[in-house]
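For reference, the structure discussed in these notes is given below.
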Amino acid sequence: MTQPRSYKYYDLIMAAFVCVLLCSNLIGAAKAATLNLPLLGQVTFGADLMFFPLSYIFGDILTEVYGYGRDRRVVWAGFGALLFAAFMAYVVVNLPPAQNEFMNVYQKHVEGVFGNTWRIVAGSMIAFCCGSFANSFVMAKMKLLTQGRHLWARTIGSTIVGQFVDTSFFFVIAFWGIWPQEQLIAVTITQYLFKTAWEAAMTPITYKVVGFLKRVENEDFYDRETNFNPFSLKV
């Protein structure tokens with residue numbers, strides 16, 4: 001019987017991925033920020049813009065080095081973490097607060113920050129799963145088509161597809177009817193363009209990390225016989 005491969009950094013990347021996913025969705029996703037940028041003028045965007053794309057970079061690295069199957073397990077780990085966060089937020093918000101002056105004020109803050117968490121997490125889970133699997137699928141298939149060449153084309157191409165799916169689903173599910181429609185459309189478009197550009201700019205770092213992991217792990221997986229069913233947990 002063939003023993004499963006053991007990797008030095010796979011578990012650490014999974015933990016970092018889940019951390020980025022939770023923080024970007026629960027801390028930054030609900031806030032719309034506005035900056036005046038040179039040439040672009042006033043730009044409105046979600047406050048998670050600088051952090052959430054890291055999850056897609058992790059997805060590209062995992063698929064490129066370890067394969068679609070192992071990235072799929074990480075996606076489901078992230079899904080489970082988001083589900084637990086939604087459950088915990090619901091319980092914390094709805095527990096009766098202690099009757100004192102501080103808690104009377106603090107309870108309102110908790111409700112304001114986490115009261116919409118069920119929609120944010122629902123949007124996050126659906127958008128994240130669909131976008132991440134689309135990203136990983138495109139990445140794996142392009143690796144076969146290019147025979148492992150042109151990593152930059154695979155990372156950017158998969159990001160264009162995955163981020164389009166993710167961004168569109170998330171903002172419609174999480175904020176439709178909450179934000180003004182014009183603002184919702186503007187933020188969705190801005191998020192998509194900036195996230196894609198941000199990940200493209202990170203390509204040199206992605207190259208270095210992928211090269212390092214391939215050398216250290218002695219792995220460069222090709223998904224030639226992979227079952228791409230997103231609901232399977234088999235590697």
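Throughout, residue positions are numbered sequentially from 1 according to the sequence presented.
Other residues, nucleotides and ligands place no more than 12 heavy atoms under 6.0 Å from the OH atom of Y106. Few gaps surround OH on Y7; more than 12 heavy atoms of other groups in view lie less than 6.0 Å from it.
Closest heavy-atom contact between E219 and V65: CG-O, 3.1 Å. Closest heavy-atom contact between G162 and A134: CA-CB, 4.4 Å. Scanning both residues, S55 and V20, for their nearest heavy atoms gives N-CG1, 4.1 Å. The two residues M103 and A98 make their nearest non-hydrogen contact at CB-O, 3.2 Å. The nearest pair of heavy atoms linking N104 to Q99 is OD1-OE1, 4.1 Å. Residues I173 and A122 share a closest heavy-atom pair of CG2-C, 4.2 Å.
Ring-centre distance between F169 and F128: not below the 6.0 Å cut-off. Separation of the F137 and F133 ring centroids does not fall under the 6.0 Å cut-off.
Between M14 and F17, the closest side-chain pair of non-hydrogen atoms is not below 4.5 Å. Looking only at side-chain heavy atoms (C-beta outward), M139 and L151 come within less than 4.5 Å of each other. At least one side-chain heavy atom of V235 sits less than 4.5 Å from a side-chain heavy atom of R73. Considering only heavy atoms from C-beta on, F52 comes within 4.5 Å of L21 through its side chain. Put simply, the side chain of F228 reaches to within 4.5 Å of the side chain of K141, judged on heavy atoms. By the 4.5 Å heavy-atom criterion applied to side chains, Q191 and F170 are not counted as neighbours. With contacts defined as side-chain heavy-atom distances shorter than 4.5 Å, the pair Q42/T34 qualifies. Looking only at side-chain heavy atoms (C-beta outward), P230 and Y68 come within less than 4.5 Å of each other.
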>> Walk me through whether T167 and K195 qualify under side chain to side chain contact (heavy atoms under 4.5 Å, CB included).
In response: CA-CA 9 Å; T167 305; K195 284 178 181 179; 4.1 Å; yes
>> The test is side-chain hydrogen bond (donor to acceptor under 3.5 Å, both in side chains); show your working for E217 and Y10 and say whether it passes.
In response: CA-CA 9 Å; E217 305 283 33; Y10 175 74; over 6 Å; no
>> Before you tell me yes or no, could you show the steps for Q163 and Y56 under side-chain hydrogen bond (donor to acceptor under 3.5 Å, both in side chains), namely the whole-Å CA-CA distance, both residues' side-chain angles and the distance that decides it to 0.1 Å?
In response: CA-CA 8 Å; Q163 286 288 11; Y56 273 75; 4.8 Å; no
> Could you go step by step and tell me if D223 and T226 meet the side-chain hydrogen bond (donor to acceptor under 3.5 Å, both in side chains) rule?
Replying inline: CA-CA 5 Å; D223 288 286; T226 299; 2.6 Å; yes
> Do V209 and M202 pass the side chain to side chain contact (heavy atoms under 4.5 Å, CB included) test, and can you show the C-alpha distance, the side-chain angles, and the key distance before you say yes or no?
Replying inline: CA-CA 11 Å; V209 174; M202 291 289 289; over 6 Å; no
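Aromatic ring pairs are classed by plane angle as parallel below 30°, tilted from 30° to 60° and perpendicular above 60°; the pair W76 and F231 is tilted.
Listed by first and then second residue, the ring-ring contact (aromatic ring centres under 6.0 Å, His included) pairs that reach into residues 184-218 are Y9-F212, F164-Y192, sequence neighbours excluded. For residues 154-180, every residue pair satisfying the salt bridge (charged side-chain N to carboxylate O under 4.0 Å, His left out) rule, not counting sequence neighbours, is listed here: E64-R154.
Residues satisfying the side-chain contact (heavy atoms from CB on, under 4.5 Å) criterion with L22, sequence neighbours excluded, are V18, L26, A81, L82, A85. P180 meets the side-chain contact (heavy atoms from CB on, under 4.5 Å) test with Q183; sequence neighbours excluded. Considering only residues two or more places apart in sequence or on other chains, T155 meets the side-chain hydrogen bond (donor to acceptor under 3.5 Å, both in side chains) condition with none of them. Residues passing the side-chain contact (heavy atoms from CB on, under 4.5 Å) test with V105 are H109, sequence neighbours excluded.
Residues F84 and V93 share a hydrophobic cluster, clusters being chains of Ile/Leu/Val/Met/Phe/Trp/Tyr side chains in contact below 4.5 Å. Transitive grouping of hydrophobic side chains (ILVMFWY, heavy atoms separated by less than 4.5 Å) keeps L193 and V172 in distinct clusters. Two different hydrophobic clusters hold L145 and I156 under the rule that ILVMFWY side chains link at heavy-atom gaps under 4.5 Å. Cluster annotation: L233 is not connected to F221 through the hydrophobic network of ILVMFWY side chains, with a link wherever side-chain heavy atoms come within less than 4.5 Å. Hydrophobic cluster membership is shared by V74 and F51, with clusters built from Ile, Leu, Val, Met, Phe, Trp and Tyr side chains linked at under 4.5 angstrom.
Distance CG/N135 to CD1/I160: 11.0 Å, rounded to 0.5 Å. With rounding to the nearest 0.5 Å, the separation of NZ in K208 from CD1 in I61 is 13.0 Å. The structure places CG of N94 at 8.5 Å from CD of Q107, a figure rounded to the nearest 0.5 Å. For the atom pair T203 OG1 and I57 CD1, the distance stands at 8.0 Å (nearest 0.5 Å).
A side-chain N or O of S136 and one of D71 form a donor-acceptor pair less than 3.5 Å apart. For the 3.5 Å distance criterion, the side chains of T159 and E199 qualify, holding a donor opposite an acceptor.
Not a single donor-acceptor pair under 3.5 Å links the side chain of R224 to the backbone N or O of L144.
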